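A quick write-up on the structure given underneath.
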Amino acid sequence: MSQVCVRFAPSPSGFLHVGNVRTALFNYLFARNQGGRFLLRIEDTDEETSTPENERVILETLNWLGLEWDGNMARQSRHRERHLAEANRLLAEGHAYRCRCTPEELELKRHAAEAAGRNRKYDGTCREKNYPDDGTPFCVRLKSPREGETSFHDLIKGDISVRNAEVDDIIIVRTNKSPVYNFAVVVDDHDMEITHVIRGDGHLTNTIPQILLYRALGYTVPECAHLPLVLAPDRKPLAKRRGAKAVLEYKREGYLPDAVVNYMARLGWGYGDQEYFTRQELIEKFSLEGVQAAPAAFDPKKFDWLAGEHIRACDNEKLFRYFSEYLLEFTSYSVNESLFAHLPDWRNSLIESVKERARTLSEMLDKCRFCLVEEVEIEEKAGKRFLTEAIREPIRDVLNFIASSAGEPTEQEWMDCLTAIMEKYQLKMKDMVQPIRVALTGSTVSPPIDRVLILLGKERVRQRLEAAMAGIR
RNA sequence: GGCCCCAUCGUCUAGGGGUUAGGACGCCAGACUCUCAUUCUGGAAACCCGGGUUCGAUUCCCGGUGGGGCCGCCA
């Protein structure tokens with residue numbers, strides 16, 4: 001058998017939601033798993049929506065997720081002449097015919113058929129007329145068989161079979177001489193030597209007329225796999241309204257691309273009890289047999305959990321890179337090296353202190369914002385509750401410790417200092433730590449206090465404690 | 001309306017003619033603990049319904065119900 005070749009063929013609507021991207025992902029995983037090729041073809045025959053900007057969004061999404069395609073990106077619009085040539089061949093070979101019914105007439109016929117309770121398919125008025133090309137406007141229709149049935153084996157859905165009497169004579173070339181999608185796809189997939197068509201459920205019904213087209217054209221019919229829908233959390237189909245969100249939005253929210261890939265793969269696909277997958281594992285373990293036939297609902301909670309798993313599994317160096325790039329692209333913060341001059345291993349310390357409590361790069365920022373800025377603003381409620389007269393003397397002792405310490409204290413030295421002061425004033429750990437936490441971070445929630453202390457360094461600790469003291473009246 | 005597809009905890013799923021129907025997220029309770037989080041332990045929670053086939057169906061078949069898709073000179 002020839003080498004596996006698949007394609008992702010989006011129309012550039014300017015929007016790639018989870019469902020679209022999962023289709024791309026499954027194509028990608030299948031190709032990589034099979035050692036085959038993964039091609040990209042933009043279905044840009046509709047000039048209205050096919051703008052460079054919309055195309056750019058598709059490429060950016062694919063690039064962000066690392067779904068690299070092979071070869072050059074194809075544009076369906078470039079193949080128009082080829083499509084028309086094949087249509088003419090069908091005409092010449094008697095597999096297609098010229099239809100002179102106007103759109104208005106067809107509209108009326110459909111309504112009439114519907115009112116009479118009949119199938120709305122074309123009534124075949126022009127089917128046997130053999131109209132020549134004499135200047136009268138016409139569109140081209142496939143002359144599909146009326147007897148028997150057409151069936152195929154879908155790799156996910158199983159055997160699908162439809163009586164040919166139910167199948168329409170689909171239009172393949174419009175009156176204005178532009179090829180219709182269903183036809184263009186077949187010619188392109190054949191020309192690109194696509195062996196497996198893996199696409200959304202919505203195309204399942206299209207497949208029957210397309211198979212008829214393959215046969216009429218004398219092409220080999222590729223294997224087909226129709227992926228079940230991805231549903232919004234409320235189990236309604238993903239739509240621009242409701243849960244549908246551009247996948248690039250997750251980039252903005254700080255999700256790691258591998259987390260998005262992992263979660264999307266698990267939507268409709270499973271591998272035993274495994275939930276967490278690296279990209280490599282996905283490639284090794286993916287198979288169409290593992291794909292569910294039923295639609296799957298997007299679960300934001302599980303996605304977040306998995307996102308956290310990926311943050312925790314990411315090595316610190318790499319995570320730091322993700323983090324600083326994220327800050328640069330989407331926020332006004334940055335990791336200013338000069339703030340950490342006191343800490344040799346500051347990158348590691350910074351990442352280490354937030355990665356266990358964040359699920360996204362954005363949450364990482366939330367957890368360490370206190371040490372990325374010169375000064376913190378103390379939350380009013382927290383200040384009122386913890387920065388009270390009772391803590392004045394203990395804080396003074398901490399300041400004395402700072403004044404007397406020669407170098408930069410280690411975590412252990414900081415904790416020894418706090419412990420000693422605690423004992424001196426008969427304070428419990430939390431009664432000592434919470435006020436200091438509030439003074440240093442502005443919040444009652446932060447990484448462990450020893451981490452906070454070393455990240456800030458004694459100079460910034462001193463400044464913040466003094467500021468807090470001043471605030472106590 | 002016609003045609004087609006689908007159906008295991010709330011969600012993602014494993015499984016499959018005989019199982020205490022397994023895991024994960026989430027939820028609840030507890031442990032750990034300087035907060036939050038991580039981690040650990042325990043708990044509640046499912047085979048859509050009805051017929052058949054069978055000694056025995058959640059599993060196989062048929063029907064129903066429910067959900068969804070397609071029926072464009074859109075893609």
Side-chain angles (χ1 to χ4, degrees), chain A residues 9-13 43-46 48-50 76 99 101-103 106-107 110 113-121 137-141 154 156-158 160-163 165-168 170-178 180-182 184-185 200-208 226 228-229 231 233 235-237 263 266-276 290 292-306 308 312 354-359 363 367 382 386 415 418 422 428-434 436-438 441 443-450 452:
Chain A
S11 66
S13 63
E43 310 277 47
D44 60 346
T45 46
D46 182 359
E48 303 269 313
T49 58
S50 302
Q76 186 156 68
C99 172
C101 299
T102 65
L106 294 172
E107 187 67 25
R110 268 195 297 272
E114 195 167 347
R118 281 179 286 120
N119 191 320
R120 303 196 276 212
K121 58 179 274 206
F138 66 90
C139 68
V140 181
R141 284 183 185 271
D154 188 275
I156 292 169
K157 304 281 186 179
I160 310 286
S161 171
V162 177
R163 293 191 310 280
E166 303 289 343
V167 182
D168 210 346
I170 60 164
I171 292 173
I172 60 178
V173 178
R174 299 187 185 89
T175 306
N176 68 4
K177 299 283 183 286
S178 66
V180 172
Y181 167 80
N182 265 320
V185 166
D201 212 345
H203 293 286
L204 187 61
T205 329
N206 283 340
T207 307
I208 293 290
H226 286 89
L229 247 41
L231 308 176
R235 288 199 64 85
K236 294 289 183 190
Y263 183 68
R266 284 288 289 104
L267 230 38
W269 175 80
Y271 189 84
D273 286 342
Q274 189 171 350
E275 298 288 351
Y276 179 92
Q292 205 78 9
F298 187 93
D299 180 355
K301 291 259 184 59
K302 185 161 186 176
F303 178 39
D304 279 346
W305 166 77
L306 200 50
R312 266 164 259 136
V354 293
K355 74 190 291 190
E356 278 200 352
R357 30 184 65 72
R359 295 172 297 202
E363 286 184 2
K367 306 300 177 191
F386 291 104
M415 288 315 282
L418 293 187
M422 258 165 54
K428 288 188 200 152
M429 190 64 146
K430 64 179 174 195
D431 295 325
M432 179 74 196
V433 167
Q434 279 302 76
I436 292 181
R437 187 192 309 284
V438 170
T441 71
S443 164
T444 55
V445 177
S446 86
I449 198 68
D450 49 350
V452 170

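These numbers come from a predicted model, not from an experiment.
Checked against ring pair (Phe, Tyr, Trp, His ring centres under 6.0 Å), A:Tyr271 has no partners two or more places apart in sequence or in another chain. Scanning for side-chain contact (heavy atoms from CB on, under 4.5 Å) contacts around A:Met422 gives A:Leu427, A:Met429, A:Met432, with sequence neighbours left out. For A:Gln434, the side chain to side chain donor-acceptor pair (under 3.5 Å) criterion is met by A:Arg437, not counting sequence neighbours. Legend: residues meeting ring pair (Phe, Tyr, Trp, His ring centres under 6.0 Å) with A:Phe138, ordered by chain and number and at least two apart, are absent. Residues forming a side-chain contact (heavy atoms from CB on, under 4.5 Å) with A:Pro295 (at least two apart in sequence, or on another chain): A:Leu229, A:Leu231. Applying the salt bridge (charged side-chain N to carboxylate O under 4.0 Å, His left out) test to A:Arg357 and every residue at least two apart in sequence or in another chain returns nothing. Listed by chain and number, the residues in a salt bridge (charged side-chain N to carboxylate O under 4.0 Å, His left out) with A:Glu363 are A:Arg359 (sequence neighbours excluded). Take A:Glu356 and apply the salt bridge (charged side-chain N to carboxylate O under 4.0 Å, His left out) test, not counting sequence neighbours, and it matches no residue. In this structure A:Arg174 satisfies the salt bridge (charged side-chain N to carboxylate O under 4.0 Å, His left out) test with no other residue, sequence neighbours excluded.
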Taking only N/O atoms, report every protein-nucleotides 4-6 of chain B pair under 3.5 Å with atom names and distance.
| residue | atom | partner | partner atom | Å |
| --- | --- | --- | --- | --- |
| B:rC5 | O2' | A:Lys157 | NZ | 3.1 |
| B:rC6 | OP1 | A:Lys157 | O | 3.3 |

Could you list all N or O pairs between the protein and nucleotides 73-75 of chain B that sit under 3.5 Å apart?
| residue | atom | partner | partner atom | Å |
| --- | --- | --- | --- | --- |
| B:rC73 | O3' | A:Arg174 | NE | 3.0 |
| B:rC73 | O2 | A:Thr175 | N | 2.9 |
| B:rC73 | O2 | A:Thr175 | OG1 | 3.2 |
| B:rC73 | N3 | A:Thr175 | OG1 | 2.3 |
| B:rC73 | N4 | A:Cys101 | O | 2.7 |
| B:rC73 | N4 | A:Thr175 | OG1 | 3.3 |
| B:rC74 | OP2 | A:Arg174 | NE | 2.6 |
| B:rC74 | O3' | A:Arg174 | NH2 | 3.0 |
| B:rA75 | OP1 | A:Thr45 | OG1 | 3.4 |
| B:rA75 | OP1 | A:Arg174 | NH2 | 2.7 |
| B:rA75 | OP2 | A:Arg174 | NH2 | 2.5 |
| B:rA75 | OP2 | A:Tyr181 | N | 3.2 |
| B:rA75 | O3' | A:Glu43 | O | 3.1 |
| B:rA75 | O2' | A:Ser11 | OG | 3.1 |
| B:rA75 | N6 | A:Asn206 | ND2 | 3.4 |

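Across B:rA24, B:rA14, B:rU11, the shortest atom-to-atom separation from the side chain of A:Gln292 is found for B:rA14. For A:Asp299, taking side-chain heavy atoms from C-beta onward, the closest of the listed nucleotides B:rG68, B:rU13, B:rC25 is B:rC25.
Put simply, the side chain of A:Glu114 and the base of B:rG2 share no donor and acceptor less than 3.5 Å apart.
Heavy-atom contacts from other residues, nucleotides or ligands closer than 6.0 Å to NZ of A:Lys430 number 12 or fewer.
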remark   = In B/S/- notation (B base, S sugar-phosphate only, - none; protein heavy atoms under 4.0 Å), nucleotides 27-50 of chain B written 5' to 3' is -------BBBBSS-----------
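If you check every strand for non-hydrogen atoms under 4.0 Å, A:Gly200 touches nothing.
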